[in-house]
Each structure stands twice: as C-alpha cells, then as structure tokens.
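First listed ligand is number 1; within each ligand, the first listed atom is number 1. Positions are given from 1 along the sequence.
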Amino acid sequence: MAGKAVLAFSGGLDTSVAVGYLREDHGMEVVTVTVDVGQGDDRRRIAAKSKKLGASKHVHVDARREFAREYVVPAIMANALYQEKYCLATALARPLIAKKMLEVAAAEGAVALAHGCSGKGNDQVRFDVALQAGSPLPIIAPVRDMNLDRPAELRFAAERGIHVDDVSKKYSIDQNLWGRAIEGGDLEDPYSEPREDAFEWVRTSGLPDRPTYAVVGFEAGAPVSLDGRAMDTVRLIQLMNLKAGAAGVGIVDHVEDRAVGIKSREVYETPAAICLVEAHKDLEKMVHTKHQTRVKAAVDREWAELAYAGLWDDPLRDDLEGFIRSAQRAVTGRVRLRLFQGGVRVVGRSSPCSLYDARAATYGEGSEFDQRDARGFVRLWGMQTAEANKLKAPARRKA
Ligand code: ARG
C-alpha cells in the first residue's frame, strides 16, 4: 500500500519495529506521532529516533493538560479502579492518543493508521475501537499482523540495525502522568516478587521513619489543591506522585483480567492515583446519602469496566457520567492523608456539604436525637426477617 501511514510512536521496541515494517514491507511513508500524556520522555531523543528509523515526519503533541482534565479527572470522579486495583493509567491514555492520531491523519492526508500493539493485550482493543469510531481508514498493527513475540521483535530490530534500550529488554514499561505499568520478564511468574530495580516512582527501602501528611482539596469532585496550595491538575498529580512515592505508597501487584480474556500479572506504580481516589471516595461518603453511595459504587464499577475495555467512545459513558457529574455537586472539601511506610490512610475529612451530624452521632452529652424514636423504626426494619425465621422453626410452621 503506497501513501502515508500515521503511527503512534513511543520510541520503544514495538513502535520502532512498526516503522521498519511499514516502510519496508508495506512500502509506506511513515509519519510518527508522539502524544505527551506525562510519560516524561526525552522529546528530542524520540524525534531523533523516528528520523533514524526513516520516518518522513515526526509530530509531537503536548496533551498533558487535556489528559489530566478530560480523562484523569473523570476517572477520579468515578473512583476508577479496575478490579479494585488498577487506576487505568494506560487505558485512559489510549483513546486520547487515538484522537490525536486522527487529527494528524486528517492533516497529512494519510491512507492508514498504525500502532505497535500486540494481539494479546488490551491496547489493540482500545486503539482499534477509538480509531474505527472516528475514521474508516485501515489499521495496521505490525506486531499483531506478523504474530511477533518479543524475541522475534528483537531479532527483527537487530537485523535492521534498530537500537533497543536496555530497560526495554528487561521489562515492558508503559507510563504517563497517572501511573507506570511494569510487565514481562521475571514478572510473568505471578509468584515471583518484583525486584527493586523494577520500581522508579516508589521508594522501597530506606523509608522515612515518620509519617508525612497530605491535604487534598476538592471542588465539585475535582482535586484543586494540595497542602493548601491551589494548583492545576497536572502539577497536583505530579506532586502527589512524588510525595506519596517518597513514603513508599503506590505499588500495586495483582492478576488482572484483560479485555481479551487472558489473565495477566500486572505491577504498577500509581502513588497519586491511589491517594487521590482514596481521598475522593472518602469525601463522597461524607457528603452523599447512603442511597447515593450505594448506587454510585455500581455506576463507578461500570465506568471502570468501560474505560478498561476500550469503550471510551460508547454512549454509555455519557450516560454514566450524567449520574457521576450530578453526584459531584456536593463533593467539595478537604481530605487529610497520612502516608507512612508504604501505607496510606485517610485521617481527616471536612466539607461544607457534609451530612455528618456530630450531635446526632454522639454517645456523649448534648445529643439532639431522642433514642425513643428508634423503636418503631427497628421493629419495622426487622419485621420480615422475624416472619421468615418463624417459618423456619418446624413446630411453629403454619398449616
Ligand atoms: N494492564 C494494563 C492495561 O491493560 C497496563 C498495560 C501496560 N502495558 C502496555 N504494554 N501498554 O491497561
């Protein structure tokens, strides 16, 4: 196929192999696109690498603010933790990268879209679904199309003189503002403990012997300040990552169900995500009624499933977010976190929208609640349970 292919490019093994494949096996001109979602890569190194691989053009898009505001903040509002653990860092970035690819493809008059994902993971699903929702162009995924495993990719790279960094030989890393995923190598044995050198964001030894505290301020569900200082979301997340990571907070290690059915052992460093979701969820419980809390948890779970499975563009997300947004109106206040030796705990919360009433809750003097009001309620509350238990006793069973 002649013409231009727009390739999502990180400079890693998969996408480097992809450039070679598109050029040599497809005879295409390659435009590489790197979307900055806070992965902290060296911009010039990636551009140079793209050039060295023979791409005709490299486009860099700084999407950090957009990522934080349009993708991460909604995830915080949804307390998004897939299977109770994973903050969706990679999952949230893919639809945004796809969106930027489509913009570049339109500007460049491309005839194909390409990404470096394998046929085993979630990212192919997320890219393909987002790309096909926005464009009829064919999608080329060289690693998937050639059924390459990692050794085959390394051979492919070696044959073509494609340089591979040391770290990408040991682990496969995907990182952005919201988290860092570490996969492959010795981690593929789910019983093997991650080595210290797998971690870059979270301190694993020599931790401080005193707790540190962080106060997160929320406004209508979005984090807006840290330790009393108002700041933009990107900065806030970066600082929270540093602060919690320094206290050893943020490592997640679990077995995850991929959208494609395969189970995978995943190790993450997500200090800010763990803290901000924990804080947000805690504040919600103070300002929501018990009925809101119950339904919110169910909606949140659906939101996380949808985002994980690459269905960001499904109208169901709008529907769920209608509820979530409405539920955020009262989520204003601040939450105090204690960070110590790898653990995080909420130790204080306060809100102008709090439904907590100390005078109702107190066991001390001065309660405004007359305990005698409770009797009728409790009798009705337990009535059906009492009836059912009467039927269980054989001697008393009605004829
Ligand atoms: N399991 C996570 C996910 O599906 C992280 C995957 C990161 N790895 C990668 N190659 N992109 O979102």
Side-chain angles (χ1 to χ4, degrees), residues 7-18 33-41 67 71-72 74-75 78 80-98 101 114-131 141-144 148-150 153-154 164-165 167-188 190 194 198-202 250-271 273-274 277 303-312:
L7 168 71
F9 184 72
S10 68
L13 177 62
D14 300 329
T15 59
S16 297
V17 163
V33 184
T34 301
V35 180
D36 185 355
V37 281
Q39 62 269 45
D41 283 336
F67 181 55
Y71 295 77
V72 175
L81 292 177
Y82 177 68
Q83 298 193 324
E84 259 90 73
K85 295 268 191 174
Y86 168 44
C87 72
L88 301 170
T90 299
L92 295 172
R94 294 303 177 263
L96 174 56
I97 297 170
M101 286 169 73
H115 58 69
C117 305
S118 77
K120 288 188 155 189
N122 296 313
D123 287 336
Q124 56 165 344
V125 180
R126 298 165 184 151
F127 271 124
D128 283 15
V129 172
L131 292 172
V143 175
R144 178 175 67 185
L148 295 180
D149 55 23
R150 245 178 127 67
E153 282 189 73
L154 289 168
V164 179
D165 295 337
V167 60
S168 60
K169 285 181 192 152
K170 227 186 312 168
Y171 297 113
S172 160
I173 305 289
D174 184 66
Q175 65 181 30
N176 60 47
L177 182 66
W178 199 225
R180 179 170 189 265
I182 312 149
E183 291 178 313
D186 49 349
L187 298 177
E188 286 182 358
F199 300 114
E200 284 186 5
W201 292 14
V202 180
I251 295 175
V252 172
D253 180 339
H254 82 150
V255 174
E256 185 174 293
D257 287 297
R258 289 185 185 161
V260 289
I262 297 167
K263 279 193 190 291
S264 63
R265 193 275 184 89
E266 299 288 332
V267 177
Y268 301 107
E269 292 179 275
T270 60
I274 288 175
V277 168
W303 193 97
E305 292 278 342
L306 203 70
Y308 184 83
L311 299 174
W312 185 260

Q: Can you tell which part of E183 has a heavy atom less than 4.0 Å from ligand 1: side chain, backbone, both or neither?
A: side chain
Q: Note the single closest protein heavy atom to atom 11 (N) of ligand 1, along with its residue, its atom name and the distance in Å.
A: D123 OD2, 2.5 Å
Q: Is D186 salt-bridged to R265, cutoff N-O under 4.0 Å?
A: no
Q: For V143 and E153, what are the C-alpha separation, side-chain angles and deciding distance, and is it a side-chain contact (heavy atoms from CB on, under 4.5 Å)?
A: CA-CA 8 Å; V143 175; E153 282 189 73; 3.7 Å; yes
Q: Using a strict cut-off of 4.0 Å, indicate which atoms of ligand 1 neighbour a heavy atom of N122.
A: 3 (C), 4 (O)
Q: Quick test of your reading of the model: are R180 and D174 salt-bridged, counting only N-O distances below 4.0 Å?
A: no
Q: Who's the nearest protein heavy-atom neighbour of atom 1 (N) of ligand 1, and how far?
A: E256 OE2, 2.8 Å
Q: What's the spacing between I182 CD1 and E266 CD if we round to 0.5 Å?
A: 10.0 Å
Q: I need the single residue from T15, V33, D14 that forms a side chain to side chain contact (heavy atoms under 4.5 Å, CB included) with F9. Which is it?
A: T15
Q: May I ask you to list the atoms of ligand 1 that are less than 4.0 angstrom from any heavy atom of A181?
A: 5 (C), 7 (C)
Q: Does ligand 1 have any atom sitting under 4.0 Å from a heavy atom of Y82?
A: no
Q: Under the criterion side-chain contact (heavy atoms from CB on, under 4.5 Å), I'd like the reasoning laid out for C87 against I274: C-alpha separation, chi angles, the key distance, then a yes or no.
A: CA-CA 8 Å; C87 72; I274 288 175; over 6 Å; no
Q: Using the side chain to side chain contact (heavy atoms under 4.5 Å, CB included) rule, pick out the option among W178, W303, Y71 that qualifies with L88.
A: W303
Q: Short N/O distance, under 3.5 Å, between E266 and ligand 1?
A: yes
Q: Side-chain donor-acceptor pair under 3.5 Å between E256 and Y308, yes or no?
A: yes
Q: Please identify which atoms of ligand 1 are closer than 4.0 Å to at least one heavy atom of Y86.
A: 2 (C), 3 (C), 5 (C), 12 (O)
Q: Which residue from V260, D14, L92, T90 reaches closest to atom 7 (C) of ligand 1 through any of its heavy atoms?
A: T90
Q: Check ligand 1 against R126 and write out every atom of the ligand that is under 4.0 Å from a heavy-atom position of the residue.
A: 3 (C), 4 (O), 12 (O)
Q: At a 4.0 Å threshold, what atoms of ligand 1 neighbour a non-hydrogen atom of R94?
A: 11 (N)
Q: Which of the numbered atoms in ligand 1 are below 4.0 angstrom from a heavy atom of Y268?
A: 1 (N), 2 (C), 5 (C)
